[in-house]
Amino acid sequence: MRRRDRPLTVQHLNELLLLCSLVLLIAVIAVRVSSRSGLPTLLIYLAIGVVVGEDGIGITFDDAQLTQVLGYAALVVILAEGGLGTKWREIKPALPSAVALATVGVAVSVGVTATAAHYVVGLDWKQALIIGAVVSSTDAAAVFSVLRRVPLPTRLTGVLEAESGFNDAPVVILVVAFSAHGPVDHWYQLIGEITLELAIGAALGLAVGWLGAYGLRHIALPASGLYPIAVMAIAVVAYAAGALAHGSGFLAVYLASLVLGNAKLPHWPATRGFAEGLGWIAQIGMFVLLGLLVTPHELGDDVWPAVIVGLALTVVARPVSVLVSLAPFRTPWREQALLSWAGLRGAVPIILATIPMVAEVADSKRIFNMVFVLVIVYTLVQGPTLPWVATWLRLGEKDTTSDLGIESAPLERLRGHLLSVAIPESSKMHGVEVSELRLPTGAAVTLVVRDGTSFVPSPSTVLRRGDELLVVATDPVRDAVESRLRAVGAGGKLAGWLGTGGQEARDQRPVSGERTERRRRGEGQERGGRGDGRG
């Protein structure tokens with residue numbers, strides 16, 4: 001923004017706060033409009049920035065370096081929120097495919113897109129490689145938001161989420177290298193540098209995540225509101241540690257958040273809500289800022305080159321990168337087709353397009369304009385049509401079971417945990433008796449809240465949709481209790497015997513107290529629910 005000659009006053013601050021709050025409110029309302037119309041929210045946020053900018057209200061903003069710094073900060077928050085919300089059991093089987101797409105797939109995509117930009121659009125090789133690298137990263141914010149609306153099979157969701165979390169790191173390294181040096185003569189040195197940075201980032205991210213999770217699970221903080229702050233602070237520490245160690249900070253923050261998100265931390269629903277709120281603010285701020293940076297009347301000459309590059313990326317580069325990357329995994333063609341169409345771009349390529357601007361690469365403004373147009377055009381095409389493509393390929397899942405909402409509060413002096421369990425509408429825990437939960441020894445359902453009324457359940461109390469339970473568990477069986485509750489929520493009272501939730505049931509076997517109790521009472525008496533209500 002243009003600097004004022006007069007000093008900043010309280011009046012200026014009030015005006016700025018009013019503008020920011022109005023933008024946030026409009027953006028929140030836009031989410032509602034987007035959910036009904038199918039229009040991607042990122043386009044609405046970009047439109048807000050354009051309206052507020054030079055060709056709209058008249059606010060002039062041309063600081064590419066500030067945009068890059070704030071964009072990096074927003075991306076850290078978005079990756080952290082995405083990692084916290086990603087379930088390890090869903091992405092674990094998809095991890096090899098995701099890593100292949102984030103490395104081999106990126107290399108193929110950069111090569112194909114750069115070739116098209118050079119020979120078809122007429123860019124020189126340096127500019128072509130930069131734009132090829134910039135648009136080869138799928139956007140975490142776009143992928144996370146779209147996948148939560150489109151019921152895809154778990155294996156595909158895991159591949160897309162993990163890929164979007166992983167591929168930012170190698171792409172940033174490529175864009176920086178191409179912006180500084182152009183085509184690299186010794187390509188093997190670049191590959192070695194990328195490998196080293198990814199290894200450092202991965203090691204630090206996993207280490208920080210594990211240490212942070214260990215500390216939060218063993219130190220009872222005096223207020224529940226401190227846990228979300230601590231979790232986000234740990235995620236940011238992972239990014240900073242990775243970046244300062246000359247590793248990939250983006251990979252570090254995603255892996256650290258992934259570890260934290262699957263560590264069964266205390267007050268987890270509150271932490272998820274806090275992270276999701278920060279993620280929305282980061283997305284809104286990032287898109288609006290990028291909308292401010294662009295000058296619409298300068299885009300005219302770059303529209304058709306952007307469309308051509310985007311067509312090469314969407315129709316050729318992405319499918320070829322998916323085909324080459326997934327060749328060793330024998331992925332069915334329908335899944336490859338969906339993965340090709342689901343390579344969504346968003347704010348990340350636009351942020352990366354500021355790197356050559358800061359490096360003062362020739363025609364870097366044109367690269368930024370082309371990337372901006374490309375993202376808008378192909379987000380309009382891919383985002384709304386993804387559900388239709390999934391249905392056409394017969395890969396949509398109509399019946400999904402909602403996970404239980406479980407919040408844990410540590411009882412430090414009592415050496416136990418108080419679990420708050422919310423039973424969603426689609427949970428198979430509906431109709432299960434308390435005794436049929438078969439909780440380990442050392443755990444008991446102490447209270448049920450139904451339709452605003454609280455009561456102490458008996459072993460024969462039948463649980464219903466919408467019930468909220470309070471479960472007290474001692475430290476040794478806390479994990480087994482949550483695992484068992486989730487298994488019953490997914491598979492009903494016979495979870496573990498008929499195959500549903502079997503893994504969760506097997507996870508409880510090391511709890512020696514539970515095995516001893518089962519041998520003492522026998523399976524028949526255990527199912528009958530006689531005794532003290534522990535199941």
Give a yes or no on whether the backbone of [Y] and the side-chain of [X] come within a donor-acceptor separation of less than 3.5 Å.
| X | Y | result |
| --- | --- | --- |
| R465 | I423 | no |
| S179 | V175 | yes |
| H118 | A128 | no |
| N262 | L258 | yes |
| S325 | G105 | yes |
| Q382 | W341 | yes |
| H430 | R464 | no |
| T354 | I351 | yes |
| R345 | V135 | yes |

Here's a test for you: under side-chain contact (heavy atoms from CB on, under 4.5 Å), which of T103, V106, V99, T138 qualifies with F166?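 Testing F166 for a side-chain contact (heavy atoms from CB on, under 4.5 Å) against T103, V106, V99, T138 leaves exactly one candidate, V99.
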Can you find a pair of side-chain heavy atoms, one from [X] and one from [Y], that are under 4.5 Å apart?
| X | Y | value |
| --- | --- | --- |
| M286 | L70 | no |
| L255 | W210 | no |
| E335 | L393 | no |
| R272 | H267 | no |
| L344 | T379 | no |
| M232 | E81 | no |

For the ring pair W125 and Y119, is the centre-to-centre distance below 6.0 Å?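 Yes, close enough.
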[atom1]-[atom2] distance between [X] and [Y], expressed to the nearest 0.5 angstrom:
| X | Y | atom1 | atom2 | answer |
| --- | --- | --- | --- | --- |
| L419 | L485 | CG | CG | 7.0 Å |
| I44 | I29 | CD1 | CD1 | 11.0 Å |
| S257 | I78 | OG | CD1 | 12.5 Å |
| R366 | I131 | CZ | CD1 | 8.5 Å |

Does F329 have more than 12 heavy atoms from other residues, nucleotides or ligands lying within 6.0 Å of its CZ?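 Atom CZ in F329 is crowded, with more than 12 foreign heavy atoms closer than 6.0 Å.
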Atom CH2 of residue position W88 - does it have more than 12 heavy atoms of other residues, nucleotides or ligands inside 6.0 Å?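 For W88, atom CH2 is crowded (more than 12 foreign heavy atoms under 6.0 Å).
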What salt bridge (charged side-chain N to carboxylate O under 4.0 Å, His left out) pairs are there with at least one residue in residues 313-330, not counting sequence neighbours?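 Every pair satisfying salt bridge (charged side-chain N to carboxylate O under 4.0 Å, His left out) with a residue in residues 313-330: E163-R318.
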Please report the closest heavy-atom contact between [X] and [Y], naming both atoms and the distance.
| X | Y | result |
| --- | --- | --- |
| V208 | A238 | CG1-CB, 3.9 Å |
| L260 | G209 | CD2-O, 3.7 Å |
| N167 | S164 | OD1-O, 3.5 Å |
| A245 | L204 | CB-CD1, 3.7 Å |
| T385 | V381 | OG1-O, 2.6 Å |
| V134 | A353 | CG1-N, 4.1 Å |

Return the orientation label for the Y239 and F250 ring planes: parallel under 30°, perpendicular over 60°, tilted otherwise.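 Correct class here is tilted.
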Do the side chains of R484 and D479 get close enough for a salt bridge, i.e. N-O under 4.0 angstrom?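 No.
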For S109 and S136: C-alpha separation, side-chain torsions, deciding distance, then whether side-chain hydrogen bond (donor to acceptor under 3.5 Å, both in side chains) applies. CA-CA 6 Å; S109 181; S136 292; 3.1 Å; yes
If you look only at distance, which donor and acceptor atoms sit under 3.5 Å apart when one is on a side chain in residues 370-378 and the other is two or more places apart or in another chain?
unit_1, atom_1, unit_2, atom_2, d
Y378, OH, V307, O, 2.7
Y378, OH, L311, N, 2.9

